[in-house]
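The block underneath contains the structure these notes are about, expressed in structure tokens.
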Amino acid sequence: FEITEDQRQILETVDRVMQRHMPPEEVRRRDAAHADCGDLLPIFAEAGLLALPFPAEHGGLDADRITVVLVQERLARHAAIAAALFGEAVDFGGMSLLGYGSEEQQRALLPPLLRGEATFALALTEPGAGSDAAAVVVSEETGHISLALDARVERDLDADSLRERLHSLIMQRRTGRHAPSPVDGL
């Protein structure tokens, strides 16, 4: 296995970005402070990293899967938290949206992701369901969907600041135990 010249240049970009924004002493400082690295998303976006796996029609660069994995591996050499952030945004969030989201959802949510303005998270628990995704039941009232945010959020992030940071809520839903699966997006 040999990397291509394009892949080599992308990996050099990753090295430059990480050396500038997350040198070892910064990684140690953030680790000791339990600080996240969400501020890297716009930097990753500016370097084109967040756009790698996405189609050009959504502003992406059409990179292959091997290139994306090489980037994640290189990020992990510098800081595991940076690789996790990249994976959360690109793989978990963006690729899930690309694979299962409606065209409307893709048009609305992929641009902020590629600009480094959106993050994704998995909220998989509710009373009576625990972490069993198949047991989660969401009720819906016509024209109104409400989201209750629990104030018991780790570290210094309270429910109000979470509401301020929440860009969009995408959820698979059903309105009863035997309701059919959603058909148009997440």
Enter the distance from [X]:[atom1] to [Y]:[atom2] here, rounded to the nearest 0.5 Å.
| X | Y | atom1 | atom2 | value |
| --- | --- | --- | --- | --- |
| R74 | L49 | CZ | CG | 12.0 Å |
| R16 | L11 | CZ | CG | 10.5 Å |
| L98 | Q105 | CG | CD | 12.0 Å |
| R20 | E26 | CZ | CD | 13.0 Å |
| E73 | I66 | CD | CD1 | 12.0 Å |

Atom of [X], atom of [Y] and distance for their closest heavy-atom approach:
| X | Y | value |
| --- | --- | --- |
| Q7 | T4 | OE1-N, 2.8 Å |
| Q72 | A83 | NE2-O, 3.1 Å |
| L41 | L50 | O-CD1, 3.5 Å |
| G94 | L110 | O-CD2, 4.1 Å |
| L40 | A82 | CD1-CB, 4.0 Å |

- prompt: Between H78 and D15, does a side-chain contact (heavy atoms from CB on, under 4.5 Å) hold up when you go through it step by step?
  reply: CA-CA 8 Å; H78 292 277; D15 289 338; 2.8 Å; yes
query: Looking only at atom types and distance, does a side-chain atom of S96 sit under 3.5 Å from a main-chain N or O of F92, one as donor and one as acceptor?
result: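 Between the backbone of F92 and the side chain of S96 there is a qualifying donor-acceptor contact (under 3.5 Å).
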message: Do I81 and D36 make a side-chain contact, defined as non-hydrogen atoms from C-beta onward lying under 4.5 Å apart?
response: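 They are not in contact (no side-chain heavy atoms under 4.5 Å apart), so the answer is no.
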message: If you define the side chain from C-beta out and look only at heavy atoms, does anything of R30 sit under 4.5 Å from C37?
response: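 The answer is yes, as the side chains (C-beta and beyond) meet within the 4.5 Å cut-off.
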- request: Please lay out, stage by stage, how R29 and E25 fare under the test side-chain contact (heavy atoms from CB on, under 4.5 Å).
  value: CA-CA 6 Å; R29 184 195 69 75; E25 61 274 8; over 6 Å; no
Verdict with supporting geometry, F44 and L75, side-chain contact (heavy atoms from CB on, under 4.5 Å): CA-CA 11 Å; F44 289 171; L75 286 168; 3.8 Å; yes
Only distances under 3.5 Å count here; give the side-chain donor-acceptor pairs of residues 51-61 to other protein atoms, sequence neighbours excluded, each with its distance to 0.1 Å.
from : atom 1 : to   : atom 2 : distance (Å)
H58  : NE2    : Q106 : OE1    : 3.2

message: Taking atom CD as the centre, does E46 end up with more than 12 heavy-atom neighbours from other residues, nucleotides or ligands that are less than 6.0 angstrom away?
response: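 At most 12 heavy atoms, drawn from other residues, nucleotides or ligands, come within 6.0 Å of this atom.
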message: Can you confirm whether the side chains of H21 and D39 place a donor and an acceptor under 3.5 Å from each other?
response: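 No pair is found: no donor N or O on one side chain lies under 3.5 Å from an acceptor on the other.
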Sequence-distant partners of R8, side chain to side chain contact (heavy atoms under 4.5 Å, CB included), two or more places apart: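 Testing R8 for side chain to side chain contact (heavy atoms under 4.5 Å, CB included), a comparison that skips the adjacent residues, returns I3, E5, E12.
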CA sep, side-chain torsions, deciding dist, call: E117, L113, side-chain contact (heavy atoms from CB on, under 4.5 Å): CA-CA 6 Å; E117 298 169 358; L113 169 71; over 6 Å; no
